[in-house]
Amino acid sequence: MQRLLDGGASVVTTARTATDETPKGATFIQGDISTLAGVQAFAAAALRELGGVDIVVNNAAAARTHLGGIATIPDEEWLDALDLNFLSSVRVTNALLPALREAGAGGAIPGDPRDIAEAVAFLVSDRGQWITGASLNVDGGELPAI
């Protein structure tokens, strides 16, 4: 997010609580995007704050350690992880899609911007305007090549 702020973007961010990692200069909106109602409330507040949107960065994620292994993870926790780690991206993008379309240009990017800040900045800039429908692996070479 800091890279986008440094580039002059107005940035809105959300979490259940603000932390020291909340970017300075960003507008913080308290919320819980692991639920559809939480996403709808966040999207409405973000649109009120910004007046529109042309970039969406989906980077919500969490994981809990289970020392007993996969068999010790209760079903409710799997569902909670899916709601936050996957469905939040789908729901946020869907909630803001009309505003993205109205902007006439824009993008929705999954991933942690601390890890892929330069790729995010490139993809949402004029320099990346012709890149569409592509998978960009920003993984430090972790994905094995076939």
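What you are looking at is a predicted structure, and each value in this text was computed from that prediction instead of being measured.
In this model, a donor atom of one side chain and an acceptor atom of the other lie less than 3.5 Å apart for Asn58 and Thr93.
Hydrophobic clustering (side-chain heavy atoms under 4.5 Å, transitive across Ile, Leu, Val, Met, Phe, Trp, Tyr) keeps Leu84 apart from Phe86. Residues Trp78 and Ile33 do not share a hydrophobic cluster, defined by chaining ILVMFWY side chains whose heavy atoms lie under 4.5 Å apart. Hydrophobic clustering of Ile, Leu, Val, Met, Phe, Trp and Tyr side chains at less than 4.5 Å, counting indirect connections, unites Leu96 with Ile29. Clustering ILVMFWY residues whenever any of their side-chain heavy atoms sit less than 4.5 angstrom apart, transitively, puts Val90 in a cluster other than the one holding Val57. Residues Phe122 and Ile55 fall within the same hydrophobic cluster, defined by Ile, Leu, Val, Met, Phe, Trp and Tyr side chains chained together at heavy-atom separations under 4.5 Å.
With values rounded to the nearest 0.5 angstrom, Arg91 atom CZ is found 5.0 Å from Asp83 atom CG. To the nearest 0.5 Å, the span separating CG on Asp32 from CD on Gln30 amounts to 9.5 Å. The distance from atom OG of Ser125 to atom CD1 of Ile131, rounded to the nearest 0.5 Å, is 8.5 Å. In this structure, CD1 in Ile73 is found 12.0 Å from CG in Asp80, a value given to the nearest 0.5 Å. For the atom pair CG (Asn94) and OG (Ser89), the distance works out to 10.5 Å, reported to the nearest 0.5 Å. For the atom pair CG (Leu82) and OG (Ser88), the distance works out to 10.5 Å, reported to the nearest 0.5 Å.
The nearest pair of heavy atoms linking Thr13 to Ala26 is CG2-CB, 4.2 Å. Closest approach of Phe42 and Val12 over heavy atoms only: CE1-CG1, 3.7 Å. A pairwise comparison of heavy atoms in Ala95 and Val39 identifies CB-CG1, 4.0 Å as the closest pair. Taking all atoms of both residues into account, the shortest heavy-atom contact from Ala61 to Asn85 is CA-OD1, 3.0 Å. For the residue pair Thr14 and Phe28, the shortest heavy atom distance occurs at C-CE1, 4.0 Å. Between Arg3 and Ala121, the shortest heavy-atom contact is CG-CB, 3.6 Å.
Counting only heavy atoms from C-beta outward, the side chains of Met1 and Val120 never approach each other to under 4.5 Å. Two residues are said to be in side-chain contact when any heavy atoms from C-beta on lie closer than 4.5 Å; Ser10 and Glu49 fail this criterion. Counting heavy atoms from C-beta outward, Val53 and Leu47 have side chains that approach closer than 4.5 Å.
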